[in-house]
Engineer: 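The structure follows.
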Amino acid sequence: MRAERLELAARGGDFRIDKDRPSPEWIASLRRRFVTETEIDRVLTRKMQRRSGPGFAPLKLETLVQGVDSLIRSQFSGDFQITDARWLSGGASKLQMAFRLHWQRPGVGADVTPMVLRMEPAESIVETSRLREFQLIKAFEGVVPVPPVFWCDAEGEHLPHPALVYGFAEGVAKPTSGVGGVTGIGTQLPVALRAKLAPQFVDHLAKIHTFDFSGKDLSAFDKPSVGTTQCALWGVNWWERVWEEDSDEDIPLVRLCAAWLRENPPLLDRAVIVHSDYRLGNFLFTEHDTRISAWLDWELGRIGDRHQDIAWTTSTAFGHLAEDGKTFLTCGLLPEQAFLEAYEQRSGLKVDPRAVHWYKVYNSYTMATLLFATGYRIAHNGKTHQDVLVTWLMGIGYMLLDEMRELIEGAP
Amino acid sequence: MQMRAPLQIQSIIKAMTDVVLPAIDPDNKLAQEQARLVLGSLALIAKQLPLQYRYDCDELARLEAFCQSLQSLAQGGTETTGALAALALELREAGVQSASPEEIEQRVRNLRQLSGAVITAVYVDGSSAARKDVRAAVLAMSKEQVLRDRSWVLSQGWEGDPKSIPPIEQLLGIAADVPASV
């Protein structure tokens with residue numbers, strides 16, 4: 001009977017589950033019901049096992065400096081010194097500290113390297129694996145611009161929570177004289193600037209999707225089977241599990257969305273690396289030469305379907321109308337049709353509109369889950385360093401829900 | 001009672017604007033950003049608070065009508081039958097009349113969850129005709145609700161074309177010259 005009740009709870013029919021203090025039995029029932037990649041399962045299970053623990057406590061810079069010192073010492077045998085530690089803002093999911101490392105840099109010699117510590121709060125608006133992020137960025141060094149990544153504290157052995165240490169990438173996410181909101185959403189670029197950035201934007205996406213990753217260490221990733229719906233269903237299971245774990249107030253439209261996704265999954269025609277958050281605001285560019293200098297935020301990356309990225313990048317949330325008031329610009333850079341044509345030409349890969357449509361619905365489901373379910377749960381439990389931002393961002397979710405509704409209504 | 005939330009919120013906003021924000025270290029970007037978010041959130045609360053009860057009553061009335069329609073549209077096997085039975089039980093409970101704001105909110109939450117369970121169940125063991133009907137009903141109900149949700153947060157500034165969203169007072173049927181907290 002207990003097992004049946006737990007299964008019922010997983011389907012949203014039981015009010016009695018205490019999600020702030022989840023039982024081992026309920027966690028196990030969710031794991032059985034929503035099969036996904038091994039590392040995703042591990043990270044989500046860890047989140048639930050730690051949920052009843054303390055919220056995020058303000059940290060002193062000195063604590064993080066000591067943690068970074070310990071992390072580097074565990075993997076680097078030379079002398080070094082950490083200086084100029086300071087907080088960074090930006091992004092809604094991770095806590096960031098900039099610092100300088102004085103060291104004998106391998107292959108370089110004596111160097112003062114600007115670096116960034118990127119550490120999870122007690123529970124993040126997007127719970128992901130630092131190991132996956134580390135492996136993915138390492139894999140793409142020399143392929144597309146990425147920040148150098150140095151060390152990974154995958155389990156928080158040295159720092160209060162799991163973390164990565166990056167090299168500080170040069171550049172800006174939006175023009176220093178431009179308009180933009182938190183997380184880069186709402187940024188509008190001048191015509192001349194977007195004309196220079198757009199070709200690089202398309203070219204890098206094509207390079208990511210055609211990258212041969214077979215020789216790279218991507219041990220934290222599972223590869224879905226081509227010719228099946230496994231990739232699509234792993235994704236739905238991932239986010240429906242998060243919805244069940246984190247949501248408070250239910251949303252009938254979100255229930256319909258999950259059911260619709262399960263009814264219509266596309267077949268995977270080619271397994272590629274998917275960035276999963278490829279948009280304006282997630283790359284840096286240097287203003288003096290207008291070159292994209294680093295692609296950021298790889299934490300949701302997976303081996304999957306290229307249509308996921310295409311659907312995400314062309315979301316209305318990340319673009320705006322051109323000066324004519326009619327032409328919608330993908331990520332504020334170029335018209336959607338021009339983007340798709342350039343992508344096909346540069347990658348040699350076809351874009352299937354039906355698969356793009358499914359992934360647009362999928363992406364809207366992901367966003368609804370993060371904003372309404374996880375956003376609520378982590379702020380409710382005081383789990384982050386910026387609960388006020390997480391709560392504020394919930395407001396954008398209603399516009400995205402309307403997009404979800406229109407997408408399901410207009411499904412081919 | 002003179003000491004009410006609107007006055008307190010107004011005073012907090014003034015203190016934050018005049019005293020606290022200028023005193024924050026300009027190099028502490030996180031603190032600068034969060035102070036502005038505190039101000040924005042307080043302004044939003046000041047706008048929403050007097051309308052909250054009307055907003056919840058409005059949602060509940062439409063949600064009840066939607067759930068009634070599900071009773072006839074959703075047909076299927078044991079999953080659907082079980083979910084419908086739980087929804088029917090909830091619908092028989094007391095209506096909006098004389099309910100407190102807390103009861104209204106709880107009832108909205110219950111109907112959201114129970115109708116959600118029916119939707120999931122129909123896609124497990126309902127016929128394709130039932131799925132189609134339920135899908136149409138959910139989309140129609142959501143169109144009305146999400147429009148109100150978008151209007152509710154309009155002042156946050158997310159909308160690309162804010163003029164296309166009617167004011168929340170209009171959507172809730174509140175005349176401009178009538179106090180909202182009736």
Side-chain angles (χ1 to χ4, degrees), chain A residues 8-15 86-90 95-98 181-182 185-186 240 247-263 316-317 319-321 328 385-406 408-409 411, chain B residues 27-38 40-41 44 63 66-67 70 79 82-83 86 105 108-124 131 134-143 145-161 165:
Chain A
L8 179 65
R11 289 181 167 84
D14 195 317
F15 297 85
R86 67 184 193 282
W87 295 114
L88 288 178
S89 67
L95 189 147
Q96 301 192 103
M97 177 187 80
V182 287
I185 296 169
E240 193 167 3
S247 65
D248 175 50
E249 185 179 81
D250 215 329
I251 303 177
L253 179 61
V254 172
R255 290 277 167 199
L256 176 72
C257 186
W260 184 90
L261 287 167
R262 290 189 184 284
E263 194 180 39
T316 53
H320 60 79
L321 292 176
F328 185 80
H385 59 300
Q386 42 188 3
D387 294 343
V388 66
L389 172 59
V390 168
T391 306
W392 181 259
L393 289 176
M394 213 179 278
I396 200 173
Y398 298 108
M399 203 167 65
L400 299 176
L401 275 187
D402 219 10
E403 186 173 304
M404 173 193 285
R405 180 189 62 74
E406 287 176 354
I408 295 174
E409 210 162 49
Chain B
D27 290 331
N28 191 332
K29 302 298 182 196
L30 192 60
Q32 286 279 345
E33 181 177 277
Q34 295 211 359
R36 286 179 168 78
L37 285 168
V38 167
S41 300
L44 189 62
L63 201 49
F66 163 68
C67 290
L70 279 185
E79 295 263 352
E105 185 185 343
V108 165
R109 292 167 60 85
N110 292 351
L111 290 181
R112 277 173 169 259
Q113 181 148 8
L114 291 165
S115 62
V118 170
I119 295 159
T120 302
V122 165
Y123 273 79
V124 172
R131 291 182 185 195
V134 166
R135 175 179 144 174
V138 175
L139 293 174
M141 180 276 290
S142 301
K143 186 174 184 177
Q145 183 56 43
V146 174
L147 179 63
R148 283 155 178 78
D149 296 336
R150 291 173 71 174
S151 182
W152 189 242
V153 298
L154 193 59
S155 61
Q156 281 191 292
W158 304 113
E159 297 285 345
D161 182 13
I165 308 293

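Quick caveat, the model's predicted, so the values are computed rather than measured. When reading the values below, keep in mind they use all heavy atoms of this one structure, side chains included, and skip hydrogens, waters and symmetry mates.
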Engineer: Can you tell which part of A/E409 gets under 4.5 Å to a heavy atom of chain B, answering side chain, backbone, both or neither?
Structural biologist: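 Contact with chain B: backbone and side chain both.
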Engineer: State plainly whether the residues B/D27 and A/R86 are in salt-bridge range, i.e. N to O under 4.0 Å.
Structural biologist: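 Salt bridge flag = no for A/R86 with B/D27.
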Engineer: Grab the two heavy atoms, one from A/G395 and one from B/W158, that are nearest each other, plus how far apart they are.
Structural biologist: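 The answer is C-NE1, 3.5 Å.
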Engineer: Looking at chain A, which one of B/I165, B/I119, B/L44 has the largest number of heavy-atom pairs inside 4.5 Å, strictly under?
Structural biologist: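 Most heavy-atom pairs under 4.5 Å with chain A: B/I119.
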Engineer: Check whether the side chains of B/N28 and B/Q32 place a donor and an acceptor atom closer than 3.5 Å, and report yes or no.
Structural biologist: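 Per modelled atom types, B/N28 and B/Q32 side chains form no pair under 3.5 Å.
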Engineer: Quick one: which of A/D402, A/V254, A/D248 has the most heavy-atom pairs under 4.5 Å with chain B, could you say?
Structural biologist: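 Going by pairs under 4.5 Å, I would pick A/D402.
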Engineer: Counting heavy-atom pairs under 4.5 Å with chain A, which one of B/L139, B/V38, B/V118 comes out on top?
Structural biologist: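 Top count of heavy-atom pairs under 4.5 Å with chain A: B/L139.
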Engineer: How close do A/W392 and B/Q156 get, heavy atom to heavy atom, and via which atoms?
Structural biologist: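 That would be O-NE2, 2.8 Å.
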Engineer: Please classify the contact of B/S115 with chain A as side chain, backbone, both or neither, using a heavy-atom distance under 4.5 Å.
Structural biologist: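 Only the side chain of B/S115 comes within 4.5 Å of chain A.
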Engineer: Quick one: does B/R150's side chain have a donor or acceptor within less than 3.5 Å of a partner on B/E159's backbone?
Structural biologist: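 No; zero donor-acceptor contacts below 3.5 Å.
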Engineer: Output the option from B/K143, B/M141, B/R131 having the highest count of non-hydrogen pairs under 4.5 Å with chain A.
Structural biologist: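 Ranked by contacts with chain A, first place is B/K143.
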Engineer: Does B/R112 use its side chain to pair, donor to acceptor, with the backbone of A/D250 at less than 3.5 Å?
Structural biologist: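 Checked: pair present.
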Engineer: Under 4.5 Å heavy-atom distance to chain B, tell me which part of A/I251 shows up: side chain, backbone, both or neither.
Structural biologist: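 For A/I251, the contact with chain B is made by backbone and side chain together.
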